[in-house]
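Remember, it's a predicted structure, so these values are computed and weren't measured experimentally.
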Amino acid sequence: MMIAAAVAAVSIGIALFEVTPLRRQGLWKELWTFAALLLLGTVLGIARALHIPIWNPTHWITFAFKPVNEWLIGMIN
Amino acid sequence: MMDNGKISARQLSILIMLYCIGSAIIVIPSTLASQAKQDAWISSLLSPAIGLLVLQIAIRLSNRFPGMALTEYIEIIFGKWVGKIVSLWFLATFPFMIGFYTLRDIGDFLTMQIMPETPIEAIHIVLFGVIIVGVRLGLEPLARTAELLFPWIVALFAVLFLFIVPQVSKTNLLPVLENGWKPVIRASLPYVSFPFLEPVIFLMLVNHVNRSEKVGRALFTGLAMAGFLMFITTLITILLFGGQLTSLFMYPTYELSKKINIGNFLQRIEIIMATIWFVTIYFRLAILFYVSVVGFARVMKAADYRFLTLPLGMITIVMSLVVYRNVGDLTAFIPVWASFAYINGLLLPALLLIVAVIRKIKRPLVK
Amino acid sequence: MRRNNHPERQEAAKQTAQLHLDLHHNVQHIRQTLGNSGDLVVRDLPIGANEQLHSAIIYTDGLVDTTSIQSGVIEALMSGLDQDALANAIRSDADMLNYLSNHALAVEQINETDTFDELIHSLLSGNVILLLNGYDRGLFINLSKYEHRAIMEPAVETVVRGPRESFTESLRTNTALIRRKIKDQNLRLDNRMIGRITKTDIAVMYMKGIADDHVVEQVHSRLDQIDIDGILESGYIEAYIQDVDFTPFPTVYNTERPDVIAAELLEGKVVILVDGTPFVLVVPALFISFLHSAEDYYQRADISSLIRILRFIGLFISLLAPSLYIAITTFHQEMLPTQLLIGLASQREGIPFPAFIEALVMEIVFEVLREAGLRMPRAVGQAVSIVGTLVIGQAAVNAGIVSAAMVIVVSITAIASFIYPAINMSITMRMLRFPLMGLAASFGMFGIFLGLMVLLLHMSSLKSFGVPYTAPFSPYIPDDLKDTVIRKPLWLMNTRPRLINRRNIIRQGKTSPPPAKPK
């Protein structure tokens with residue numbers, strides 16, 4: 001719980017730090033991208049802090065490539 | 001403002017050398033030895049050689065578009081929207097994702113060998129904080145720092161080799177090719193993918209080099225030097241420990257540096273040697289992250305890249321903790337990754353090159 | 001003499017800035033503007049045998065050479081005039097002010113003006129003013145002379161071998177000292193005045209043809225932008241012209257030695273002299289400049305190279321010693337030889353604090369002692385600061401608060417930090433020690449590595465007037481390395497630093513022979 005709160009606090013800190021110059025320069029596209037990515041990061045962080053399982057690219061790649069891999073190894077052997 | 005830093009060809013080769021040594025140096029002798037046993041040193045020669053061949057494709061591609069970054073000519077070759085999607089895929093699955101694993105590499109190393117009582121999250125956060133500082137400062141300071149540190153790295157390597165060589169025994173190399181060539185080749189393949197298929201990433205930095213005709217040569221030199229250093233490291237590791245023992249270590253080069261003994265007085269200075277890997281992994285991570293962030297900003301046509309560093313950094317840190325639970329998972333993943341790397345590392349540049357040649361696309365005369 | 005365009009001037013223009021024809025009015029105006037200042041001297045001077053001309057001489061007591069005034073001005077006007085020529089000139093309605101300045105005044109610098117501002121400024125700068133009744137212009141004559149410190153040994157940058165002159169607070173003396181070293185026609189000197197109220201004289205000097213014109217331009221434009229009420233020391237200027245504010249590293253070098261300045265001028269750097277301080281600024285300044293001492297060039301090459309290497313080691317010690325101690329004793333005990341380890345462990349046994357707190361406390365105590373030692377009366381100062389540290393250290397060890405090894409580490413660090421020839425770099429290193437200590441306590445050697453990386457990255461991003469701060473190490477310029485951590489013998493130093501000036505690189509001919517071999 002504490003850690004999740006810490007993650008949220010850090011996110012807010014980051015937002016405060018970056019948003020003001022972006023707003024001042026009127027960079028709206030960048031601001032939205034920033035917000036989206038920050039949100040993603042925060043969600044992931046909180047999920048991790050609460051031990052919620054997160055999608056894992058390792059699993060996807062393994063899933064997709066296991067057969068390819070076996071075939072390649074078969075070829076070499 | 002986007003980064004307008006200029007780096008020299010020499011700095012580029014140093015960067016790529018540090019990059020390739022990166023996290024491979026700590027583990028490679030053991031991954032090679034696990035398949036090839038005492039012939040691991042032969043594998044360690046094969047892989048860079050294959051990597052250098054693949055590099056030729058990347059260099060050809062880059063020379064068709066001198067002074068341009070990869071994402072720029074992806075869009076030219078594939079058209080704007082398809083190009084953007086391809087660029088994003090490339091950036092997300094290559095530099096960005098490799099970053100997760102690399103960060104985790106050094107985190108694991110530190111918590112396992114040096115500071116077991118420190119939580120790995122703390123290490124990741126602090127280290128990546130410094131990476132973010134470096135990336136925000138720009139490519140020029142990063143390259144300059146690499147140039148500054150380069151002599152020290154070489155010196156430390158020299159110390160390592162000098163003080164181990166008296167302790168080696170040549171018989172550990174025998175019997176040579178005990179099981180024939182197959183295991184040697186089998187061992188060298190994952191080593192090709194990681195790290196030698198990755199120089200495609202460096203094609204993103206081409207537009208920062210102030211004499212773009214020297215890029216190919218710089219990449220070649222850097223890769224070759226990295227391969228050479230790792231070859232010597234592997235060779236000495238086998239010479240000292242023998243094939244069987246090497247394959248059992250998780251971090252064989254670290255074990256190697258534990259053996260340094262200067263006059264029975266200066267011993268167990270492996271942490272100083274570990275500074276080598278700190279530096280190389282730092283630059284590996286820094287380049288991976290820099291390319292991801294700047295590439296993403298380019299694709300998005302953003303005015304600056306710096307504001308992306310913190311959110312993307314956050315994602316990287318969290319994902320690095322997520323990607324595998326323990327080292328066993330990692331070991332199972334390595335061969336799978338080896339195949340995956342060919343997509344971005346070999347197929348993509350080859351495809352780009354073929355399409356470019358067929359459609360006779362070269363760099364537009366008006367830049 | 002340049003004038004700065006400031007809002008005040010517009011206000012002054014609202015008043016009557018022009019002189020009047022009436023002498024009495026002018027004198028009154030000057031007196032009032034200066035508030036009837038006590039050191040203002042006004043002398044009415046009728047000129048001519050029949051007192052045809054009424055004039056007044058005004059000067060500030062203490063700023064002028066009264067002897068010259070008597071002989072060059074008063075005597076010249078009272079008795080040195082040819083009365084017939086004077087009468088002729090008056091009858092023919094000539095410009096008497098011109099006449100007097102051309103024929104009477106036996107002085108060197110005469111200028112004319114018609115504004116009060118210029119007149120009063122010159123008055124306050126040590127000029128003598130001559131006003132003539134019936135003319136709305138006035139003359140001012142530079143006869144300044146004031147008490148100043150004689151040329152003595154440098155206070156902070158002493159050498160064993162080399163000249164012992166140092167700059168003083170007088171701008172003219174300082175420029176003269178430089179001219180004595182460089183007697184070349186290409187030595188340029190640009191004057192300006194900065195500071196709305198203090199109106200301090202500043203001089204910019206450089207070698208035309210060697211110094212980079214862009215840098216000179218940059219210096220001038222940055223100086224132009226300074227808008228402050230007073231410049232009291234060159235440090236003020238340094239703060240305004242440096243490239244980046246947010247850095248602990250100095251990017252402007254300063255020295256009080258004329259020979260150092262001359263050497264820097266020869267290398268193509270630009271120097272800035274400020275009236276009122278003996279410390280002269282040099283730009284551009286690279287990191288390596290702060291590790292060089294003048295003496296390196298006067299002693300033999302081999303000795304100098306070794307001493308420079310020693311300084312470099314001192315740099316590392318003063319920055320890293322406490323952090324290394326903390327890191328090794330906390331995280332990496334295996335590095336110490338066994339006997340040392342046992343000794344250290346037994347020392348640390350009774351200590352209630354972890355190594356980090358120990359080190360922090362000792363370092364802070366030492367810094368306090370050092371600062372206090374600077375302010376103490378001379379007789380007491382030296383003794384207290386050195387003895388004080390050791391005694392306090394010893395007492396602390398005996399009391400069981402810190403370990404003896406810690407006292408040694410702190411003392412070595414402190415002494416190593418005195419090895420810098422340049423004080424501003426030494427202050428930087430003193431400051432940076434503390435965060436490194438914190439990192440070492442949290443993450444051991446890895447923490448030190450992280451701290452050093454941040455420092456290196458930061459240094460690599462600095463530029464001093466367009467020249468990268470970490471040159472010539474990176475970007476790598478092998479030829480310039482001959483004068484960094486080592487110093488090659490003089491007959492090998494053929495070229496000037498490449499990044500400071502692009503052309504005029506050859507310093508000496510290739511025909512300079514190496515020393516002849518003995519037969």
Side-chain angles (χ1 to χ4, degrees), chain B residues 5-8 10-11 14 106-107 109-111 114-118 122-123 126-152 210 258 262-279 281-283 286, chain C residues 244 246-247 249 286-288 312 316 320 324 327-341 435-436 438-463 467-478 481 484-485 499:
Chain B
K6 288 289 177 200
I7 63 176
S8 70
R10 181 192 151 91
Q11 286 168 337
I14 294 182
I106 183 77
F109 174 67
L110 282 170
T111 40
I114 302 183
M115 295 190 281
E117 292 172 30
T118 311
I123 295 182
V126 170
L127 175 58
F128 216 73
V130 181
I131 298 270
I132 291 182
V133 167
V135 169
R136 279 179 92 108
L137 279 175
L139 190 59
E140 235 182 282
L142 277 174
R144 281 209 211 126
T145 314
E147 208 176 358
L148 278 174
L149 290 174
F150 177 64
W152 297 97
N210 53 13
K258 282 188 190 167
I262 309 178
N264 260 341
F265 169 68
L266 218 49
Q267 300 166 333
R268 298 300 305 275
I269 58 170
E270 66 268 11
I271 188 68
I272 309 253
M273 295 300 134
T275 329
I276 304 183
W277 353 132
F278 294 161
V279 173
I281 287 202
Y282 179 87
F283 283 103
Chain C
V244 183
F246 190 62
T247 169
F249 291 102
L286 305 174
F287 180 73
I288 203 70
F312 211 62
F316 280 113
L320 292 176
L324 281 176
I328 295 180
T329 54
T330 316
F331 289 91
H332 311 293
Q333 299 88 351
E334 71 269 4
M335 274 185 64
L336 300 167
T338 325
Q339 289 184 315
L340 183 57
L341 185 58
L436 276 178
L439 278 170
S442 328
F443 294 100
M445 287 291 278
F446 185 63
I448 298 182
F449 159 75
L450 288 176
L452 284 181
M453 279 307 281
V454 173
L455 278 179
L456 281 176
L457 283 168
H458 178 74
M459 273 199 333
S460 305
S461 69
L462 286 176
K463 286 191 182 203
V467 184
Y469 197 59
T470 48
F473 295 109
S474 149
Y476 183 65
I477 307 171
L481 286 177
T484 51
V485 187
L499 279 185

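Side chains of B:I272 and C:M335 form a contact here, defined as non-hydrogen atoms less than 4.5 Å apart. Residues C:M453 and B:L149 form a side-chain contact, since some pair of their non-hydrogen atoms from C-beta on lies under 4.5 Å apart. Between B:K258 and C:E334 there is no side-chain heavy-atom pair separated by less than 4.5 Å. Side-chain contact between C:H332 and B:I114 is present, with at least one heavy-atom pair separated by less than 4.5 Å.
Among the candidates B:S8, B:A122, B:G129, the residue making the largest number of heavy-atom pairs closer than 4.5 Å to chain C is B:A122. Per-residue counts of heavy-atom pairs under 4.5 Å with chain B were compared for C:S442, C:G444, C:P337; the largest is that of C:P337. With respect to chain C, the highest number of heavy-atom pairs below 4.5 Å among B:E140, B:E270, B:M115 belongs to B:M115. Here B:V279 is the residue among B:T275, B:V133, B:T118, B:V279 with the most heavy-atom pairs under 4.5 Å with chain C.
Shortest non-hydrogen contact noted between B:L137 and C:L457 is CD1-O, 3.7 Å. Across every non-hydrogen atom of B:P141 and C:S460, the tightest pair is O-CB, 3.6 Å.
Heavy atoms of B:Y282 lying under 4.5 Å from chain C belong exclusively to its side chain. C:L462 touches chain B through its backbone: at least one of N, CA, C or O sits under 4.5 Å from a heavy atom, while the side chain does not. The part of B:L110 that comes within reach of chain C is its side chain, from C-beta onward, which places non-hydrogen atoms under 4.5 angstrom from that chain.
Aromatic ring orientation, C:F446 versus B:F278: perpendicular (interplanar angle above 60°, classes split at 30° and 60°).
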